[in-house]
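Here's the structure we're looking at; comments come further down.
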Amino acid sequence: MNIIQKCTLSLLIVLLSVASTQAQDATITAIKAGKLIDVENGKVLTNQIIIVRHDSIIQVGANISIPKGASIIDLSKYTVLPGLIDCHTHITGQPSGDYYADIFRKSPVDVAVTAHLFAKKTLDAGFTTVRDLGSVGLVDVALRNAINNGDIAGPTILAATTYIGSTGSHGDLNGYSPFLQLNIGKGLTGVANGVDAVREQVRFNIKYGADVIKFGASAGVLSEEESVGGPQYSQEEMNAIVSETKMWGKKAAAHAHGTEAIKMAVKAGVASIEHGSLVDAEGIQLMKEHGTYLVSDVYDDEYILSEYAKLGFPEKIINKERLVGRLQRENFQKAVEAGVKIAYGTDAGVYPHGWNGKQFKWMTRYGMTPMTAIQSATVHAADLLGISKNAGSITAGKKADIIAVLISPLDDVTSLENVQFVMKAGTVYKK
Ligand code: ARG
């Protein structure tokens with residue numbers, strides 16, 4: 001290459017990079033936030049400007065000059081906060097009104113066909129990330145991938161694939177004739193017994209796309225086995241599940257209503273206890289020592305007791321709900337007051353998707369302030385999910401997951417049941 005050619009080439013490179021900077025400038029959005037909830041410090045800031053480029057936040061502050069050519073979103077009359085995170089959903093389905101049809105007349109293909117509707121409802125409700133704790137037929141993985149590819153709209157999903165449970169557990173199908181055999185592929189039921197088999201099940205789930213492992217430490221409500229609190233795995237099995245999960249660099253979440261099962265799962269090293277309904281003082285102490293999060297679905301009792309008989313659920317299940325509902329809320333308050341780490345998780349899919357924000361009211365009735373409840377659904381939830389680098393606050397460097405409400409949720413937390421503005425990764429989905 002001679003000197004003229006070299007000069008021409010470098011000029012071309014300079015011109016190209018100038019052109020690309022100008023092109024990038026067109027992708028800059030400036031959001032004017034009247035009030036901004038700084039969830040990291042528990043404070044409200046006023047008249048903030050958030051600069052978003054592509055999918056990320058690049059600058060936040062009061063005295064920021066808006067770059068020329070930036071498009072402006074005026075939320076100066078709104079309270080702006082980070083996209084909400086629900087740490088416990090079942091986003092691929094919800095009761096149709098026919099209990100037996102849902103169990104016996106639907107395949108994972110039916111579930112897959114409608115799952116995107118629930119994903120959209122969840123996103124429109126201001127929940128830009130969910131941890132999905134149990135689905136059928138790997139539909140959650142397919143949904144997550146389609147959202148990540150930009151094929152459909154929905155929240156960022158951390159998927160658990162199948163619930164791991166023992167024979168006869170909350171994760172198994174109980175109460176039917178032993179002559180009824182389900183033809184589900186090996187691994188896809190999530191039923192596994194014994195140390196070796198549970199390790200293999202963890203490997204299976206991760207092999208097929210799990211971001212997180214969910215297992216049943218105790219019995220449950222919405223299943224037909226006896227008891228809601230009895231442990232359903234031995235200490236050895238729980239230890240095996242959690243250590244295997246950690247070996248693969250993932251976190252484990254334990255479904256646990258029962259007093260003993262909660263303690264066993266905490267000792268095994270789970271990142272979170274789901275439900276935690278019958279936790280006692282010793283369990284609360286253990287959770288504090290281990291830094292275990294409590295993810296408690298304190299709204300659901302309301303919906304189950306008012307709607308589930310109409311939705312065709314057997315009386316046995318509704319009676320189980322009557323045993324735990326009130327205690328769950330009282331024990332939640334004790335855990336909050338003792339300083340257990342709380343992350344927001346609703347078990348969405350027990351109630352209609354898109355209603356994820358209804359739980360804020362119940363959390364503030366049982367020990368939390370609007371600010372701590374919002375932190376549980378943002379900065380703390382991101383910590384539990386291991387995604388603080390990208391989500392959980394409106395901070396430069398994170399993904400632009402941003403929502404807004406007209407009424408400040410610090411004055412009335414129920415305003416989060418009706419979110420007016422939703423941006424996920426720099427794209428506006430609701431305005
Ligand atoms: N998936 C949970 C279970 O079946 C739902 C519990 C709902 N009830 C409640 N009080 N949180 O066990």
Side-chain angles (χ1 to χ4, degrees), residues 86-95 99 102-103 130-136 140 160 162-166 168-175 190 214-233 253-262 265 272-279 294-309 311-336 342-353 355-356 358-363 365-366 376:
D86 190 333
C87 299
H88 188 142
T89 67
H90 299 280
I91 200 166
T92 54
Q94 64 187 41
Y99 178 73
D102 287 346
I103 297 177
V130 304
R131 184 177 64 158
D132 201 63
L133 292 183
S135 179
V136 291
D140 53 348
T162 182
Y163 178 105
I164 301 179
S166 58
S169 73
H170 180 59
D172 200 356
L173 185 62
N174 306 307
K214 162 84 173 295
F215 72 93
S218 86
V221 175
L222 305 177
S223 47
E224 295 191 37
E225 83 279 32
E226 301 305 322
S227 145
V228 288
Q232 295 190 329
Y233 270 132
H255 161 101
H257 290 283
T259 315
E260 275 317 302
I262 292 169
S272 61
I273 292 292
E274 308 301 308
H275 312 296
S277 310
L278 306 175
V279 69
L294 175 62
V295 177
S296 188
D297 53 332
V298 288
Y299 160 66
D300 290 334
D301 182 60
E302 208 61 19
Y303 188 78
I304 293 170
L305 292 185
S306 79
E307 301 302 319
Y308 267 41
L311 292 172
F313 278 73
E315 187 62 13
K316 179 178 190 176
I317 283 181
I318 296 163
N319 281 335
K320 287 213 262 179
E321 181 57 41
R322 293 192 180 105
L323 290 175
V324 294
R326 183 177 53 80
L327 289 171
Q328 180 184 28
R329 290 168 174 181
E330 290 171 7
N331 292 330
F332 172 76
Q333 179 154 6
K334 287 181 192 160
V336 169
I342 307 291
Y344 194 94
T346 68
D347 217 349
V350 164
Y351 63 85
H353 292 288
W355 292 11
N356 310 59
K358 282 188 188 278
Q359 188 175 285
F360 285 105
K361 177 170 98 184
W362 294 92
M363 291 172 108
R365 279 202 193 168
Y366 288 87
S376 82

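By convention here, the first residue in the shown sequence is residue 1. We count ligands from 1, going down the list as the structure has it; atoms in each ligand are counted the same way.
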For Leu133 and Glu274: C-alpha separation, side-chain torsions, deciding distance, then whether side-chain contact (heavy atoms from CB on, under 4.5 Å) applies. CA-CA 10 Å; Leu133 292 183; Glu274 308 301 308; 3.5 Å; yes

Aromatic rings His257 and His255: how do their planes relate, parallel, tilted or perpendicular, breaks at 30° and 60°?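 Taking His255 first and then His257, their aromatic rings stand perpendicular (interplane angle over 60°).
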
Check Val228 against ligand 1 and report side chain, backbone, both or neither, counting heavy atoms closer than 4.0 Å.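 It is neither part, as no heavy atom is under 4.0 Å.
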
Between Val298 and ligand 1, find which residue part has any heavy-atom pair under 4.0 Å and reply side chain, backbone, both or neither.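 Looking at Val298 and ligand 1, no heavy atom falls under 4.0 Å.
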
For ligand 1 and Leu222, I'd like to know whether there is a polar contact (N/O to N/O, distance under 3.5 Å).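 Yes - when backbone and side-chain N and O of Leu222 are compared with those of ligand 1, one distance drops under 3.5 Å.
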
Any nitrogen or oxygen of Gln328, main chain or side chain, under 3.5 Å from a nitrogen or oxygen of ligand 1?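 It does: an N or O of Gln328 is found under 3.5 Å from an N or O of ligand 1.
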
Under 4.0 Å from a heavy atom of [X]: give me the atoms of ligand 1 that qualify, with their elements.
{"X": "Ile304", "result": "7 (C), 8 (N)"}
{"X": "Gly220", "result": "12 (O)"}
{"X": "His275", "result": "1 (N), 2 (C), 5 (C)"}

Tell me whether ligand 1 is touched by His257 - counting only heavy atoms on the residue side and a distance under 4.0 Å.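 It does; at least one heavy atom falls under 4.0 Å.
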
Is it true that His255 lies under 4.0 Å from ligand 1, counting heavy atoms only?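 For ligand 1, residue contact (heavy atoms, under 4.0 Å) with His255 is present.
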
Identify whether the distance between the nearest side-chain nitrogen and carboxylate oxygen of [X] and [Y] falls below 4.0 Å.
{"X": "Glu226", "Y": "Lys316", "answer": "yes"}
{"X": "Lys320", "Y": "Glu224", "answer": "no"}
{"X": "Glu302", "Y": "Lys361", "answer": "no"}

Which option out of Glu274, Glu321, Glu302, His88 puts a heavy atom nearest to atom 10 (N) of ligand 1?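 The residue whose heavy atom sits nearest atom 10 (N) of ligand 1 is Glu321.
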
Evaluating non-hydrogen atoms only, which member of Val350, Asp297, Val221, Leu327 is closest to atom 7 (C) of ligand 1?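 Nearest option to atom 7 (C) of ligand 1, by heavy atoms: Asp297.
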
Regarding Tyr233 and Ser169, is there a side-chain donor-to-acceptor distance under 3.5 Å anywhere?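 No, Ser169 and Tyr233 have no side-chain donor paired with an acceptor closer than 3.5 Å.
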
Evaluate Trp355 against Tyr303 for ring-ring contact (aromatic ring centres under 6.0 Å, His included), listing each step before the verdict. CA-CA 11 Å; Trp355 292 11; Tyr303 188 78; 5.7 Å; yes

When you measure from atom 2 (C) of ligand 1 to every protein heavy atom, which one gives the shortest distance, and what is it?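 The answer is Asp347 OD2, 3.3 Å.
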
What are the two closest non-hydrogen atoms of Leu305 and Glu321, and how far apart are they?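 Distance-wise, the nearest heavy atoms are CD2-CG, 3.8 Å.
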
